Amino acid sequence: MDIRKVKKLIELLEQSSIGEIEVKEGDDTVRISRAGGATPVEPPAATAAKNVPVEGKDDPAEATSETASSHLHDVEAPMVGTFYRSPSPDDAPFVEAGSKVKKGEPLCIIEAMKMMNHIEAPVTGSVEEILVENAEPVEFGQVIIRIDPS
C-alpha cells in the first residue's frame with residue numbers, strides 16, 4: 001500500500017472522533033488506531049456547538065436563532081473526508097446560499113480516501129446556509145448545508 005494513502009488515513013483518523021480504522025486493499029491490510037484506545041479528538045468549538053443539543057438556554061438571542069433555523073433541513077456529512085463545493089477548482093460551485101435545489105441534485109463533494117462522493121439534496125428547497133468552507137475537513141454527522149424546504 002502506498003505510504004501517501006497511509007498518511008491520509010492517519011490524517012482522517014486525527015480529524016475525526018473515531019478510534020480505529022482498517023482498510024484492505026488487495027492482499028494488503030492497514031489498521032490504524034489511537035494510542036490508549038478510542039480517545040476521541042475534541043471537535044472544533046463551532047461544530048460542537050451546532051451538534052450538541054442544549055436545554056434551557058438563558059440567552060434570548062440564541063433561542064431566537066435556534067427557532068428560526070428549526071424549520072430548516074440539515075444536510076449532514078455521511079462520512080469523514082474533505083468538503084468541496086465544486087467538481088474541480090476551476091468550476092463554479094454546485095450551489096450558493098440562496099440557490100434553489102431539487103431533490104437529488106448535487107450539493108457538494110466529499111472526498112474520502114481519494115474517492116469523490118457526490119452529496120445530493122435530500123429535499124427540494126432553497127439553500128439557506130453553507131456551513132463549511134471549501135477544502136475543509138468534515139466529520140461524520142457534521143451539518144454541512146441547511147436547506148429551507150418551504
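A quick note: this is a predicted structure, and the numbers were derived from the prediction, not measured.
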Review point. Can you check whether Thr82 reaches Glu136 side chain to side chain, under 4.5 Å on heavy atoms?
Key: no
d(Met115 CE, Ile110 CD1) to nearest 0.5 Å is 13.5 Å
**Study point:** Flag side-chain contact, heavy atom, 4.5 Å: Thr124 against Pro149
**Key:** no
Is a donor from one side chain sitting under 3.5 angstrom from an acceptor on the other, for Asp148 and Ser150?
yes
Is the shortest heavy-atom distance from the side chain of Val101 to the side chain of Ser126 under 4.5 Å? no
Determine whether Ile109 and Asn117 make a side-chain contact, defined as any pair of heavy atoms from C-beta on separated by less than 4.5 Å. no
For residues 94-119, the ring pair (Phe, Tyr, Trp, His ring centres under 6.0 Å) pairs (sequence neighbours left out) are Phe94-His118
- Task: With side chain to side chain contact (heavy atoms under 4.5 Å, CB included) as the test, would you mind laying out the steps for Leu131 and Ile144 before giving the verdict?
- Result: CA-CA 5 Å; Leu131 303 169; Ile144 54 177; 5.8 Å; no
Value for CD (Gln142) from CD (Glu76), rounded to nearest 0.5 Å, stands at 9.5 Å
Open item on the list: With a 4.5 Å cut-off on side-chain heavy atoms, are Arg85 and Glu96 touching?
Closed with: yes
Shortest non-hydrogen pair, Val80 vs Ala112, comes out as O-CB, 3.4 Å
Tightest non-hydrogen contact, residues Ser86 and Pro93, listed as CB-CA, 3.8 Å
(request) Kindly indicate whether the side chain of Ile147, heavy atoms from C-beta on, has any atom under 4.5 Å from the side chain of Val75. (result) yes
* Asked: Lys103 versus Pro122: any side-chain heavy-atom pair under 4.5 Å?
  -> no
Pairwise side-chain contact, Val127 with Ile145, heavy-atom cut-off 4.5 Å (strictly under):
yes
Here the pair of heavy atoms bringing Val138 nearest to Ala77 is CG2-CB, 4.0 Å
The reported gap from CD in Glu111 to CZ in Phe83 (rounded to nearest 0.5 angstrom) is 13.5 Å
Distance col, row Cys108:SG vs Met116:CE, nearest 0.5 angstrom, shows 12.0 Å
Nearest heavy-atom approach of Ala92 to Pro87 is O-CD, 3.9 Å
